[in-house]
Amino acid sequence: MDLGLTDRTYIVTGATRGLGFATARELVADGANVVISGRTEESAAKAAASLGERALGVAADNADAQTPDRLVAAARERFGRLDGVLISVGGPPPGSASTTPTTSGARPSSRSSSARSGWPVRPPRSSRRAG
């Protein structure tokens, strides 16, 4: 499917596997460039290599306030532009609801909050005022 994304550049966080990786793969298939992030250099590099030359892998933590600037700079340095960002974060540890502890020590609110991590936050289009 041609979405008209050829040569556009997107950042996709949490893109070393799962839905983030699937999104990055489809963007590349449509001709877009992607900067994908993952928790380790190894996982980011491996995922980017599997996507080809249109992908750059960067180790990054979405909770780190410097991550947005680093990823934006990487996109502009490698591809010369940035057209969009998809913030994808991991979920709970594997297991069923009955075996997954309710307090795993993870910081879900800080890992998933755009405002806390420094990512710009825009309201949905339907809630913006015209004018």
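Nothing here was measured: the structure is a model prediction, and the numbers come from that model.
For residues 8-25, there are no salt bridge (Lys or Arg N to Asp or Glu O under 4.0 Å) pairs, not counting sequence neighbours.
Side-chain contact check for Tyr10 versus Leu5: some heavy-atom pair is nearer than 4.5 Å. At a threshold of 4.5 Å between non-hydrogen side-chain atoms, the residues Leu51 and Ile36 count as touching. Contact check for Asp30 versus Leu27: no side-chain heavy atoms found under the 4.5 Å cut-off. Inter-residue side-chain proximity for Val35 and Val12 is flagged as unmet; no heavy-atom pair is nearer than 4.5 Å.
Under the side-chain hydrogen bond (donor to acceptor under 3.5 Å, both in side chains) criterion, Arg81 pairs with Asp83, sequence neighbours left out. Residues satisfying the side-chain hydrogen bond (donor to acceptor under 3.5 Å, both in side chains) criterion with Ser50, sequence neighbours excluded, are absent altogether. Contacts of Thr9 classified as side-chain hydrogen bond (donor to acceptor under 3.5 Å, both in side chains), with partners at least two apart in sequence or in another chain: Asn33.
Looking at Thr13 and Asn62, their side chains do bring a donor and an acceptor atom within 3.5 Å of each other.
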As a quick check of understanding, evaluate side chain to side chain contact (heavy atoms under 4.5 Å, CB included) for Ile11 and Leu86, giving each step before the final call. CA-CA 6 Å; Ile11 294 170; Leu86 171 70; over 6 Å; no
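Side chain of Thr67 to main chain of Asp61: a donor-acceptor pair is present (N/O by atom type, distance under 3.5 Å, no hydrogens or angles). With hydrogens and angles ignored, the 3.5 Å screen pairs no side-chain donor or acceptor of Arg39 with any backbone N or O of Ala60.
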Indicate every side-chain donor-acceptor pair of residues 69-79 with a distance under 3.5 Å to a residue at least two apart or in another chain.
| unit_1 | atom_1 | unit_2 | atom_2 | d |
| --- | --- | --- | --- | --- |
| Arg70 | NH2 | Ala59 | O | 2.5 |
| Arg78 | NH2 | Glu53 | O | 3.1 |

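Across all their heavy atoms, Ala47 and Ala15 have their closest contact at CB-O, 4.1 Å. Nearest heavy-atom pair across Ala48 and Ala55 is O-CB, 3.7 Å.
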